[in-house]
Amino acid sequence: MVDKDLLSIQEARALVRAARAAQAEYAQLGQERIDAVVRKISETTAAHAEELAVMAHEETGYGKVADKKIKNLLASEKVYARIKDMKTAGILREDKENKIVEVAVPVGVIAGIVPSTNPTSTVIYKSLIALKAGNAIVFTPHPAATKCIGRTVEIIKEALHACGVSTDLVSSISVPTIEGSGELMKITDLILATGGPGMVKAAYSSGTPALGVGAGNVPAYIERSADIKDAVTKIMTSKTFDNGTICASEQSIVTETVIAAEVKRELIAQGGFFLEGENLEKVKRVMERGNGSMNPAIVGRDAQTIAKIAGIQVPAGTRLLISDEPGVGPKHPFSKEKLTALLGFYVVNDWRQACELCFALLHNCGIGHSLAIHSRNEEVIREFGLKKPVSRILVNTPSTHGGVGITTGLFPSFTLGCGAVGGSATSDNVTPMNLLNIRRVAYDLGSAQCGCHQAAPAAHAEPAAQSGCCGTGTVDISAITQMIVAELKKVM
């Protein structure tokens with residue numbers, strides 16, 4: 001009998017060895033072949049979008065099948081549409097004026113950490129951007145989503161086989177353990193981490209370069225100039241999308257005294273139910289575990305299910321459970337990230353107080369991620385854009401859809417960086433360009449400032465074309481570039 005943790009470690013090592021051999025060949029294929037592989041995977045996974053959505057919902061219990069299908073199509077079709085024309089192999093750019101040639105260099109083998117909240121869509125998205133950049137990727141799945149993640153990888157492997165490239169380019173640990181995930185993170189070249197705070201912290205502590213994301217405790221500020229019905233409609237649409245499982249979803253509404261009553265009326269009209277008294281206390285009791293973390297029993301559940309778990313009655317058609325929250329911090333659970341149909345509600349006097357409150361909410365485990373604002377006052381929007389410690393300010397749009405690039409021009413992504421302030425190595429919506437290095441070939445500019453001096457030629461020497469750092473001869477950049485790239489390919 002083999003211990004599960006040892007089996008998981010051994011599997012991680014075997015998958016990475018196979019991935020390294022496959023990636024070394026794949027990186028030599030050139031842009032055209034790489035693009036064909038990426039296109040085939042996009043088409044194949046899009047064709048299975050509904051099947052994978054059903055599997056993810058059945059296995060995890062989170063979210064909604066229809067919304068998970070949309071996420072799968074976002075990851076396959078929309079991501080492909082944005083990356084298909086990207087130059088990611090060979091020479092990326094030639095700056096003839098400054099005599100610099102930029103060459104794409106894949107990072108190698110990537111460790112892909114996959115959450116249970118967005119399992120299949122995350123695998124599709126990470127596979128596409130990794131392969132587009134010339135890399136291989138090995139996934140460590142969340143134990144609660146192993147089957148649907150495994151099926152997604154299987155579908156991608158079928159597409160790789162159809163393209164005539166190694167199926168070892170994309171793989172997944174079938175026996176996920178903490179030990180196996182830890183080994184994978186140690187022996188790969190880069191970690192692409194999407195998951196809970198513990199896993200992301202482990203990624204950054206592994207000693208391997210990592211791109212991770214933090215919690216998304218997103219405030220949604222409805223400023224007094226906003227179209228209230230439109231703002232509430234977008235917030236309700238966003239927060240109920242896949243039952244709030246995307247980290248860019250709104251966690252609290254912040255609004256102003258002069259419009260608070262109207263905002264409340266609109267929330268109630270659209271299916272919001274304000275919790276009070278014993279109802280509120282019962283819901284609070286099921287929101288968190290003893291250590292203050294989210295209770296997985298209510299993550300990704302609809303409002304009716306949460307009410308049933310809490311033992312309360314809510315009106316038919318209730319879409320969100322909302323609480324007037326008096327404060328921010330550990331003793332105020334509605335001030336935290338809630339990846340489910342729960343929403344905090346705050347009232348302030350003006351936009352300056354809203355600024356302070358949003359700061360407090362973001363510092364309560366959401367700093368660096370995103371903030372939504374609904375306003376027609378460009379001055380206020382600009383103030384928030386200039387001063388809020390987030391990587392995305394989402395204006396007059398559903399926060400979920402805007403953050404992942406459905407309703408905005410942001411790159412379609414399921415890895416949303418939080419920047420240095422949020423403990424992340426990037427503030428980007430991660431793209432293939434985050435998954436390659438750029439080698440720069442820099443030529444001498446013919447300047448004499450370096451202090452080089454050529455010795456006088458001997459009397460019997462044949463005259464030679466001047467070159468070097470003090471030369472005045474011309475340089476055939478194209479010819480030399482071809483020679484250098486040929487040499488680089490031997491070591492890539």
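All residue numbers in this chain count up from 1 along the given sequence. Computed over heavy atoms, backbone and side chain alike; hydrogens, waters and symmetry mates excluded.
At distances below 3.5 Å, at least one donor-acceptor pair connects side-chain atoms of Glu250 with backbone N or O atoms of Ser399. A distance-only check finds no donor-acceptor pair linking the side chain of Tyr80 to the backbone of Leu128 [under 3.5 Å]. Thr146 places a side-chain N or O within 3.5 Å of a backbone atom of Pro143 that can act as its donor or acceptor partner. At least one donor-acceptor pair under 3.5 Å links the side chain of Asp95 to the backbone N or O of Glu97. Between the side chain of Asn434 and the main chain of Thr431, a donor-acceptor pair closer than 3.5 Å is present. With hydrogens and angles ignored, the 3.5 Å screen pairs a side-chain donor or acceptor of Lys87 with a backbone N or O of Ala89. In terms of modelled atom types and a separation under 3.5 Å, the side chain of Ser424 and the main chain of Ala420 share no donor-acceptor contact. Formation of a donor-acceptor pair under 3.5 Å by the Ser249 side chain with backbone atoms of Thr400 is not found in this model. In terms of modelled atom types and a separation under 3.5 Å, the side chain of Thr122 and the main chain of Pro119 share no donor-acceptor contact. One N or O on the side chain of Asn135 and one on the backbone of Val107 form a donor-acceptor pair closer than 3.5 Å.
Salt bridge annotation for Lys234-Asp230: present, with a cationic side-chain nitrogen under 4.0 angstrom from a carboxylate oxygen. Taking the charged nitrogens against the carboxylate oxygens, Arg20 and Asp189 do have a contact shorter than 4.0 Å, which makes a salt bridge.
Atom CG in Asn217 sits 10.5 Å away from atom CG in Leu371 (nearest 0.5 Å). The OH atom of Tyr62 sits 11.0 Å away from atom CG of Asn118, with the distance rounded to the nearest 0.5 Å. Residue Leu342 holds its CG atom at 5.0 Å from CD1 of Ile298, rounded to the nearest 0.5 Å. Of the inter-residue distances, the one linking Ile381 atom CD1 with Tyr221 atom OH reads 10.5 Å to the nearest 0.5 angstrom. Between Met287 atom CE and Thr340 atom OG1 the span is 9.0 Å, to the nearest 0.5 Å. Rounding to the nearest 0.5 Å gives a distance of 6.5 Å between NE2 of His401 and OG1 of Thr237.
Side chains of Glu77 and Ser42: no donor on one and acceptor on the other come within 3.5 Å. Side chains of Lys126 and Thr194: a donor on one and an acceptor on the other come within 3.5 Å. Checked by atom type, the side-chain pair Thr245/Asp242 shows a donor-acceptor distance below 3.5 Å. Residues Thr177 and Asp5 bring no donor and acceptor atom of their side chains to less than 3.5 Å of each other.
Judged as a salt bridge (Lys or Arg N to Asp or Glu O under 4.0 Å), the pairs with a partner in residues 328-342 (not counting sequence neighbours) are, in order, Glu288-Lys336. For residues 43-65, every residue pair satisfying the salt bridge (Lys or Arg N to Asp or Glu O under 4.0 Å) rule, not counting sequence neighbours, is listed here: Glu50-Lys69, Glu51-Arg151.
Counting non-hydrogen atoms of other residues, nucleotides and ligands closer than 6.0 Å to CZ of Arg289 gives a total above 12.
By the 4.5 Å heavy-atom criterion applied to side chains, Pro412 and Arg82 are counted as neighbours.
Summarising the geometry of Val170 relative to Ser127, their closest heavy-atom pair is CG1-OG, 3.7 Å, with the distance given to 0.1 Å. Nearest heavy-atom pair, Gly368 versus Arg392, reported as atom, atom and distance to 0.1 Å: O-NH2, 4.4 Å.
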